[in-house]
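To keep things clear, I will list the structure first and then write my remarks on it.
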Amino acid sequence: MKKRKLVMSAGLAAVASLSLAASVFASGDKVKVTFMSRDSGDTPMAKVYEDQIARFMEENPDIEVQNDSIYEESAYNNKLKVALSTGETPSIFYYPAIAGLTEWAQNGVLLDLTEALNEDEEWKNTFLDGALDTYDLSAYGADGIYALPNELNVDAIFYNKALFEQAGITEIPETMDDLYDAIDKLNAAGITPFGVGGKNTWVMGHIFNNILAKRIGREGIIQLGTGEKKWTDEDVVECLQITKDLKEKGAFAEGFEGMDYNTQMNQFLTGEVAMISHSSPIIPEMLSSESEILDDISFFPFPYFEDKEEFKDTRVIYTSGWMISGTMSEEETEATLKLVKYMTTPEAIQERMDAAMRVAPYKNITAPADAAQIFSDMVDYTATITESVGEYFDYDTCSTLVDTSRNGILNMMLSETAEDTAAAIQADIDANRP
């Protein structure tokens, strides 16, 4: 999924941190809470949010919740940037970063949730083991937990079982050597192995990120983000080279660099290609399509490298979190936490999962009884994950890294060497990391 970082200067963050009211304020006898997510309009999740907020206000007549959610990414980013720069920090909002939260945490724009979680052990224990650690910013100089995980986008390789059978592939690939063998068999059968919309640079970025996770592991990716490792280190360059080599092995269609995401999905859902590398939100997208091959689609974890078996169980998960404003009064903070707890009860979480088929980072949540098998399998698979990591740029405070690295990876697939690509990315980090 595409992610973009907002650029927030220290000056703007400082202005926001001085606002004691944010956009939550006392209005008459009511306390106003603003809720800002990326789900709005007619999406299933947006409708559930609206229903849950309405019920919350019925049960808490002293609190007014204003839903300022915006679906379109750039419009959301712009509105959030303006709100933060004017000191009107939303009470609850979404931001697609981890290390990028550090400056806001240090300047008091975000609420450290550690105390609230420790004071309510029952609530704290509803989150999956390790889920809260995602937003522990201790490694970046801001001790504490500065967001609550809300959704999980679990990476996997989705594949067409019928095309695998046609190519004589009898077992799903577990290792990268198995995957290379499957690529050879698919090509021999005249089937394009992977659908890749390279024009949307995040697609190749996700493939590279999975290779990185399986070669250097979670700790290595975090060290890359904090600067303890460099992109020019031998093992990182090796990951870039492995990504580039997939093209030489015939994994992708001719001219994939100029194809877009819609072409990728059309090729997969019409049975033209055997695999796509994607994450769990693709499941409702596929199920809502008119594809005739849905019964043939399943998934498997990204394969591991036999010489790096210690990272076999490292899975890439993109975590979406809720940030809480740290610029509120005690009364406003109490009302906001009350809403957050209401929306993270098992019943509320289950309701959202049932409606939107998105994987939730909470314990004892199950797929609905009538869910498609592929979604039930994804929920069960998620529960087995013990070691996870997000995207490499989530752990880096360099705001230009997303575009620089993804564009660099695409240029590498076209012509550049892995070494030159690594050097260019590291130079950008050296110039722009705070």
Side-chain angles (χ1 to χ4, degrees), residues 1-4 38-39 41-45 71-74 96 151-167 172-173 179 182-183 186-187 189-210 243 246-247 250-302 316-318 320 356-359 371-375 377-378 381 391 406-407 409-410 413:
M1 301 291 289
K2 291 184 288 186
K3 294 185 178 182
R4 293 185 180 273
R38 283 282 312 282
D39 290 284
D42 295 329
T43 66
M45 185 65 81
Y71 179 78
E72 203 279 319
E73 182 178 43
S74 61
E151 292 178 16
L152 300 178
N153 297 342
V154 183
D155 252 17
I157 293 179
F158 294 83
Y159 74 106
N160 185 318
K161 292 181 285 186
L163 293 183
F164 266 43
E165 183 177 349
Q166 184 179 327
I172 61 171
L179 183 63
I183 289 170
L186 288 163
N187 279 317
I191 301 168
T192 301
F194 276 93
V196 173
K199 185 177 181 180
N200 297 97
T201 57
W202 61 268
V203 176
M204 281 306 307
H206 276 203
I207 292 174
F208 167 72
N209 194 59
N210 276 277
T243 306
L246 284 171
K247 177 180 179 178
F252 314 129
E254 187 73 25
F256 75 93
E257 298 95 339
M259 294 180 185
D260 61 16
Y261 172 73
N262 290 334
T263 301
Q264 166 189 314
M265 290 308 300
N266 182 67
Q267 288 179 335
F268 184 63
L269 293 175
T270 56
E272 294 180 44
V273 300
M275 295 177 281
I276 56 171
S277 176
H278 215 298
S279 52
S280 51
I282 196 64
I283 294 175
E285 181 179 336
M286 291 191 299
L287 295 177
S288 65
S289 72
E290 297 180 357
S291 173
E292 298 179 355
I293 66 166
L294 294 178
D295 289 342
D296 287 328
I297 297 175
S298 188
F299 69 90
F300 57 88
F302 202 94
V316 172
I317 297 179
Y318 311 116
S320 170
M357 286 188 291
R358 296 189 189 173
V359 181
Q373 187 61 50
I374 190 171
F375 182 65
D377 291 345
M378 179 58 73
Y381 166 64
E391 293 202 78
R406 285 178 170 176
N407 289 333
I409 290 167
L410 180 59
M413 303 309 290

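- Asn200 has its side chain out of reach of Gln264: every pair of non-hydrogen atoms, C-beta onward, lies at least 4.5 Å apart.
- You'll find the side chain of Pro301 reaches within 4.5 Å of the side chain of Tyr381, heavy atoms only.
- Here OH of Tyr159 is found 10.0 Å from CG of Asp296. Values are rounded to the nearest 0.5 Å.
- The number of heavy-atom neighbours closer than 6.0 Å to NZ of Lys199, taken from other residues, nucleotides and ligands shown, is 12 or below.
- With 3.5 Å as the limit, one finds no donor-acceptor pair spanning the side chains of Thr263 and Asn266.
- Crowding of Asp295 atom CG: a count of heavy atoms from other residues, nucleotides or ligands under 6.0 Å not exceeding 12.
- Pairing each heavy atom of Ala274 with each of Leu163, the nearest pair is CA-CD1, 3.8 Å.
- Between Phe158 and Phe268, the ring center distance fails the sub-6.0 Å criterion.
- Remark: the backbone N or O of Asn407 is not paired with any side-chain donor or acceptor of Thr201 at under 3.5 angstrom.
- Residues Leu246 and Ile183 are in side-chain contact: their nearest non-hydrogen atoms beyond the backbone lie under 4.5 Å apart.
- Taking CD1 from Ile207 and CD1 from Ile157, the interatomic distance works out to 8.0 Å, rounded to the nearest 0.5 Å.
- Taking the ring centroids of His278 and Phe299, they lie at or beyond the 6.0 Å cut-off.
- Partners of Lys247 by salt bridge (charged side-chain N to carboxylate O under 4.0 Å, His left out), not counting sequence neighbours, listed by chain and number: Glu257.
- Side-chain N or O atoms of Ser291 include one that pairs as donor or acceptor with a backbone N or O of Leu269 at under 3.5 Å.
- With respect to Arg406 and Glu391, a salt bridge is recorded, a charged nitrogen being found less than 4.0 Å from a carboxylate O.
- To the nearest 0.5 angstrom, Arg358 atom CZ is 8.0 Å from Asn153 atom CG.
- Contact annotation: the side chain of Leu294 approaches that of Leu287 to within less than 4.5 Å [non-hydrogen atoms, C-beta and beyond].
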Side-chain donor-acceptor pairs of residues 190-198 under 3.5 Å, sequence neighbours excluded:
none

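- The two residues Ser280 and Pro284 have their closest heavy-atom pair at O-CD, 3.7 Å.
- Met265 is listed as a side-chain neighbour of Ile282, based on a closest heavy-atom distance under 4.5 Å.
- In this structure, Met275 and Leu179 have side chains that are in contact, with non-hydrogen atoms separated by less than 4.5 Å.
- Of all heavy-atom pairs spanning Met204 and Phe256, the tightest one is SD-CE1, 4.0 Å.
- Nearest heavy atom pair, residue Ala182 against residue Pro173, reads CB-CG, 4.1 Å.
- Distance CD1/Ile297 to CD/Gln373: 14.0 Å, rounded to 0.5 Å.
- Put simply, the side chain of Phe302 does not reach to within 4.5 Å of the side chain of Asp155, judged on heavy atoms.
- Between His206 and Trp202, the ring-plane angle classifies as perpendicular under the 30° and 60° cut-offs.
- Counting non-hydrogen atoms of neighbouring residues, nucleotides and ligands closer than 6.0 angstrom, the CD atom of Glu165 reaches no more than 12 such neighbours.
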